[in-house]
Amino acid sequence: MVVHSAAESVLAGLDPEQRSAVTAPAGPVCILAGAGTGKTRAVTSRIAHRVLTGGIVGRHVLAVTFTARAAAEMRARLTVLGVPGVQARTFHAAALRQVRYFAPRLLSGRAMPELLDSKVRVVTLAAAKVGLRADRAAARDLSGEIEWAKSSLVEPGEYVVAAARALRETPYEPAKVAEVFTAYERLKRSSGVIDFEDMLRAAVWGIEEHPDVAEQVRGQYRHFVVDEYQDVNPLQQRLLDAWLGGRDDVTVVGDASQTIYSFTGATSAYLIDFPRRHRAATVVRLVRDYRSTPQVVGLANAVIGQARGTEARLRLELHGQRPPGPEPELRIFTDEPAEAGAVAARCRTLVDGGTPAKEIAVLFRTNAQSEAYEKALTEVGVPYVVQGAERFFERSEVRQAMVALRAATRSIPGDTPLPIAVREALTAVGWAPDAAPPGGAARERWEALAALVQLAEEYAATPEVLPIGEAATVERQATLTDFNDELARRAAQQHVPTVDGVTLASLHSAKGLEWDAVFLVGLSEGTLPTSYARTPEQVEEERRLLYVGITRARQWLWLSYASARSPGGRARRPSRFLPQLDRSGGGERAGAGRVAGPGGAKRAVERRRTQVVSCRICGATLLAGADRKLGRCPTCPSDIDENLYERLCDWRARVAGTQRVPAYVVFTDATLVALAERRPGRVEELIAIAGIGPRKLGLYGEAVLALVAGATVDEIGPEKTLEISS
């Protein structure tokens with residue numbers, strides 16, 4: 001009875017689609033989950049419900065995702081739901097633990113090779129061996145190519161052909177990259193080290209080639225959940241297939257519209273083909289967005305609604321569930337310094353108004369765009385954090401800390417609790433667990449090391465459960481060695497700890513995160529989409545990047561671009577992905593303020609042109625001219641004042657007859673419907689209706705406002721209109 005009550009409580013508060021996902025029968029399940037639709041709640045509730053109803057045992061579940069943060073959130077939610085013991089790990093962490101556990105058996109007693117925290121150093125040496133002098137940037141590009149090849153199951157001798165087929169933008173001539181790839185593999189073997197792809201391959205090899213290992217792993221893990229399934233690469237899918245061993249109790253969760261990592265080897269093909277690979281699969285769509293306001297959701301739908309290609313077949317139209325919020329702002333600036341300055345000023349205003357700095361993000365297409373915003377935020381005194389491994393894990397104090405942590409494994413007793421061990425190790429680099437020192441550089445250094453301590457505390461909070469047999473497991477607390485491996489993985493995947501401040505991040509690194517306020521900047525042709533996007537598939541991935549950026553915002557969203565890179569520079573066009581609005585404004589957007597003074601109506605109309613228009617009934621963003629004129633979606637119910645509409649038609653007919661022009665020259669039918677539906681009572685409300693510009697406001701504004709206020713056509717008369725126009 002208690003178990004039944006607990007299982008029922010798991011279902012409480014779920015929407016109908018989430019409930020369908022949770023209660024789907026055992027076997028293959030595909031959950032297509034749009035941004036902000038509660039996918040983590042759905043999958044953790046599914047695991048908990050199955051455990052609490054006796055269908056499965058928690059220790060037999062392995063949930064894999066792509067970030068340690070997401071895995072930690074899964075474990076925390078499952079604990080709250082009363083189901084501890086479920087293993088929620090990244091692909092890399094799960095594979096590493098299995099390889100380390102089985103290493104004595106697989107390596108005939110030899111020690112497990114050291115795991116590289118970065119390919120760059122070895123790649124630099126490999127490049128030199130084949131006659132290339134690669135600087136750090138070139139070495140990173142070569143490392144990325146090698147990572148793509150290994151994740152795609154491409155061997156060095158196959159690279160040239162595979163790169164051509166995949167239309168890779170290679171840092172050097174493909175044959176030269178293949179030579180570096182070959183030399184890199186040889187250097188690793190001679191140095192006795194492995195990289196993260198080797199570790200995944202070792203996990204696959206251990207299961208595929210060793211029946212005893214396969215039996216033990218598959219006896220331990222019988223039910224699987226894979227988060228962010230659109231980001232799986234061929235190597236990870238191979239590992240998943242090895243874990244499954246022909247079984248089909250697997251739940252996958254993904255969103256094809258958030259496929260943005262194809263350059264690393266990730267592919268949405270496995271998500272798209274899942275129902276075909278598993279004919280009995282249950283497919284559930286989650287479309288209720290609980291993260292963002294209807295205004296943000298509407299803009300996201302408008303952007304992704306234009307998508308084409310394979311991923312568009314699984315496109316989801318989201319439905320915002322939050323109360324209405326402010327309209328997304330579209331701003332145009334003369335140049336990039338002006339854009340950065342305006343963004344920084346608004347960040348200052350938001351922080352002064354009570355928005356925590358950590359709840360604000362500035363997102364851009366390339367890391368090179370970060371510098372202008374770092375400078376602008378510094379000038380207005382707003383703290384910031386640059387998301388990305390290059391800026392955190394390459395900081396001198398962090399590199400020194402990682403060296404100290406590795407050295408501490410030889411001096412600190414192995415049974416020392418991890419947070420204590422990390423604090424003790426960091427004293428070697430001058431860190432003390434007291435208040436942060438004053439000043440900019442010193443404080444930043446202290447906060448970076450404090451972030452490592454906090455990360456150690458979070459990492460230690462969940463013990464590791466090792467497979468010992470079909471019916472037995474052993475719990476082991478995380479050690480300093482484990483934590484060093486976690487830091488190496490994070491450095492390789494550009495997954496940085498959280499530090500307070502406005503987040504500056506590329507759109508790629510923002511995936512999976514969310515903020516109250518989001519600035520999407522630099523939205524011009526050549527940047528988004530990048531000039532390197534030459535094929536239709538590449539352009540569509542750029543569109544999905546913007547979609548991902550939009551869906552990071554909970555409440556407030558700003559989109560902007562600069563007409564030129566620098567003052568007086570060559571003009572640029574706005575991104576083709578932006579809503580097709582008239583963008584003739586100059587960096588300011590109209591509010592609902594009063595229009596006053598000479599030319600006030602004209603200025604208000606010009607400012608209105610840069611504003612995204614939302615349906616006044618459902619909140620969706622409106623793009624079609626007729627819909628924007630009406631202020632509602634064509635499918636939303638009309639609230640037209642029929643009596644007012646008849647009076648407007650009669651008045652228009654009289655005016656047209658007096659002026660001897662067709663009726664539509666006065667106002668179109670759509671404008672009359674909009675007037676009768678929206679019933680403007682002030683000049684600023686009247687000019688908010690598309691189609692009523694300064695000229696028609698001067699000609700007919702007073703008459704229309706009088707009709708809306710209840711005047712009859714006879715009381716207005718065409719004579720009054722002619723007097724206004726004279």
Side-chain angles (χ1 to χ4, degrees), residues 7-53 55-56 61-66 70 73-74 77-78 81 83 86 88 222-232 237 240 244 247-259 267-292 297 300-301 304-305 307 310-321 512 544 547-548 551:
E8 285 300 312
S9 69
V10 169
L11 300 177
L14 298 178
D15 66 38
E17 295 81 16
Q18 291 171 338
R19 184 180 286 256
S20 296
V22 170
T23 58
V29 175
C30 178
I31 302 174
L32 301 175
T37 57
K39 62 170 181 138
T40 303
R41 181 181 187 184
V43 295
T44 51
S45 297
R46 173 168 172 76
I47 294 169
H49 189 263
R50 296 185 70 190
V51 171
L52 294 172
T53 55
I56 61 176
V61 179
L62 177 60
V64 287
T65 185
F66 283 81
E73 183 181 357
M74 276 193 180
R77 291 197 184 205
L78 286 165
L81 292 171
V83 186
V86 172
R222 307 174 186 181
H223 321 284
F224 297 86
V225 173
V226 186
D227 192 17
E228 304 288 0
Y229 195 53
Q230 78 279 347
D231 292 333
V232 165
Q237 182 63 44
L240 176 61
L244 284 166
R247 299 168 296 177
D248 66 356
D249 196 345
V250 56
T251 297
V252 301
V253 189
D255 180 7
S257 294
Q258 297 188 65
T259 305
T267 173
S268 60
Y270 300 116
L271 175 65
I272 294 170
D273 293 341
F274 188 86
R276 188 165 53 202
R277 294 183 66 198
H278 302 275
R279 294 294 183 180
T282 300
V283 179
V284 181
R285 289 171 169 81
L286 304 183
V287 295
R288 303 181 196 227
D289 188 319
Y290 299 96
R291 173 189 299 159
S292 306
V297 170
N301 285 336
I304 205 63
T310 304
E311 284 79 10
R313 286 165 30 201
L314 295 185
R315 179 174 52 220
L316 301 168
E317 182 175 356
L318 301 178
H319 300 276
Q321 303 298 301
R544 294 193 294 270
Y547 175 77
V548 166
T551 56

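With a 4.5 Å cut-off on side-chain heavy atoms, Val43 and Asp227 do not count as touching. Two residues are said to be in side-chain contact when any heavy atoms from C-beta on lie closer than 4.5 Å; Leu316 and Ser257 fail this criterion. In this structure, the side chains of Arg315 and Ile304 come closer than 4.5 Å at one or more pairs of heavy atoms.
Judged as a salt bridge (charged side-chain N to carboxylate O under 4.0 Å, His left out), and not counting sequence neighbours, Glu317 has no contacts. Take Arg277 and apply the salt bridge (charged side-chain N to carboxylate O under 4.0 Å, His left out) test, not counting sequence neighbours, and it matches Asp241. Considering only residues two or more places apart in sequence or on other chains, Glu228 meets the salt bridge (charged side-chain N to carboxylate O under 4.0 Å, His left out) condition with Lys39, Lys511. By the salt bridge (charged side-chain N to carboxylate O under 4.0 Å, His left out) test, Asp248 is found to be paired with no residue, residues two or more places apart in sequence or in another chain being considered. For Arg291, the side chain to side chain donor-acceptor pair (under 3.5 Å) criterion is met by Glu514, not counting sequence neighbours. Under the side chain to side chain donor-acceptor pair (under 3.5 Å) criterion, Thr259 pairs with no residue at all, not counting sequence neighbours. With sequence neighbours left out, Thr267 forms a side chain to side chain contact (heavy atoms under 4.5 Å, CB included) with Ala269, Tyr270. In this structure, the ring-ring contact (aromatic ring centres under 6.0 Å, His included) partners of His278, at least two apart in sequence or on a different chain, are Phe274. For Arg279, the side chain to side chain contact (heavy atoms under 4.5 Å, CB included) criterion is met by Arg276, not counting sequence neighbours. With sequence neighbours excluded, no residue forms a side chain to side chain donor-acceptor pair (under 3.5 Å) with Arg41. Partners of Thr251 by side chain to side chain donor-acceptor pair (under 3.5 Å), not counting sequence neighbours, listed by chain and number: Arg46.
Ala307 approaches Ala312 most closely through the heavy-atom pair O-CB, 3.7 Å. Among all heavy-atom pairs drawn from Thr551 and Ala35, the shortest one is CB-CB, 3.6 Å. Between Ala281 and Pro275, the shortest heavy-atom contact is CB-CA, 4.3 Å. Residues Asp249 and Gly27 share a closest heavy-atom pair of OD1-N, 3.7 Å. Nearest approach of Val297 to Gly320, heavy atoms of both residues: CG1-N, 3.8 Å. Closest approach of Ala256 to Leu271, counting heavy atoms only: N-CD2, 3.8 Å.
Between the CD1 atom of Ile47 and the CZ atom of Phe224 there is a distance of 12.0 Å, given to the nearest 0.5 Å. Between atom CZ of residue Arg285 and atom SG of residue Cys30 there is a gap of 8.0 Å, rounded to the nearest 0.5 Å. Considering CG of Leu286 and OG1 of Thr37, their distance stands at 4.5 Å, rounded to 0.5 Å. With rounding to the nearest 0.5 angstrom, the CD atom of Gln18 is 9.5 Å from the CD1 atom of Ile31. Between the CZ atom of Arg544 and the CD atom of Glu311 there is a distance of 4.0 Å, given to the nearest 0.5 Å. One distance of note links CG of Asp289 with NE2 of His319; it measures 10.5 Å at 0.5 Å rounding.
Gln230 places a side-chain N or O within 3.5 Å of a backbone atom of Asp255 that can act as its donor or acceptor partner.
Screening residues 15-35 for salt bridge (Lys or Arg N to Asp or Glu O under 4.0 Å) gives Glu17-Arg288 as the qualifying pairs, with residues at least two apart or on separate chains.
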Steps toward side chain to side chain contact (heavy atoms under 4.5 Å, CB included) verdict (Leu244, Val250): CA-CA 8 Å; Leu244 284 166; Val250 56; 4.1 Å; yes
Test side chain to side chain contact (heavy atoms under 4.5 Å, CB included) applied to Val232 and Phe66, step by step: CA-CA 9 Å; Val232 165; Phe66 283 81; 3.9 Å; yes
Worked check of side chain to side chain contact (heavy atoms under 4.5 Å, CB included) between His49 and Leu14: CA-CA 12 Å; His49 189 263; Leu14 298 178; over 6 Å; no
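The pair Arg77-Glu73 counts as a salt bridge, with a side-chain nitrogen and a carboxylate oxygen less than 4.0 angstrom apart.
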